[in-house]
Amino acid sequence: MRERTVEVAAQVAADYFQSYSVVGLLAVVGVLFVGVAFGAGRLLRPVVPTPEKLLTYECGVDPVGEGWAHTQVRYYVYAFLYVIFAVDSIFLFPWATVFAAPGYGAATLVEMFIFLGFLAVGLLYAYKKGVLTWT
């Protein structure tokens with residue numbers, strides 16, 4: 001009986017690690033593919049450094065003046081608010097799948113309304129601070 005249990009456990013472990021060996025093999029193949037591509041690019045490209053090639057290039061305009069420029073902070077605030085609400089909206093998709101499962105309806109619905117309430121409070125706070133007014 002003990003030998004049979006050991007054989008079953010060994011078979012389960014072998015199946016378990018065999019499934020992960022496929023993932024590991026794909027990871028190794030991916031790393032080798034990227035390494036070969038970079039190596040081939042390094043061997044095949046021409047290397048002729050000239051002063052013009054070493055200049056900073058931006059949108060076809062030669063660099064003139066200082067590299068510092070004033071940027072409005074409000075653009076970063078808009079981007080930050082977008083990222084917050086985009087990432088938070090991603091949480092709605094798993095919620096929808098759990099909500100459809102039997103036995104999770106009411107509790108999941110209450111949790112999601114609490115979550116959406118926090119988002120609404122954050123949006124209201126940003127609105128009250130005047131962040132959302134475009135000037």
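Because the structure is predicted, anything quoted here is derived from the model rather than measured.
Looking at Val36 and Val34, their side chains never come closer than 4.5 Å, going by heavy atoms from C-beta outward.
Shown here is Tyr127, whose OH atom has no more than 12 heavy atoms of other residues, nucleotides or ligands within 6.0 Å.
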Verdict with supporting geometry, Leu25 and Val23, side-chain contact (heavy atoms from CB on, under 4.5 Å): CA-CA 5 Å; Leu25 179 65; Val23 173; over 6 Å; no
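If you take CG on Leu116 and CD on Glu111, they are separated by 12.0 Å, rounding to the nearest 0.5 Å. The distance from the CZ atom of Phe113 to the CZ atom of Phe118 is 15.0 Å, given to the nearest 0.5 Å. Atoms CD1 and CG, on Ile114 and Leu109 in that order, are 10.0 Å from each other to the nearest 0.5 Å.
Remark: Val121 engages no residue in a side chain to side chain contact (heavy atoms under 4.5 Å, CB included) (not counting sequence neighbours).
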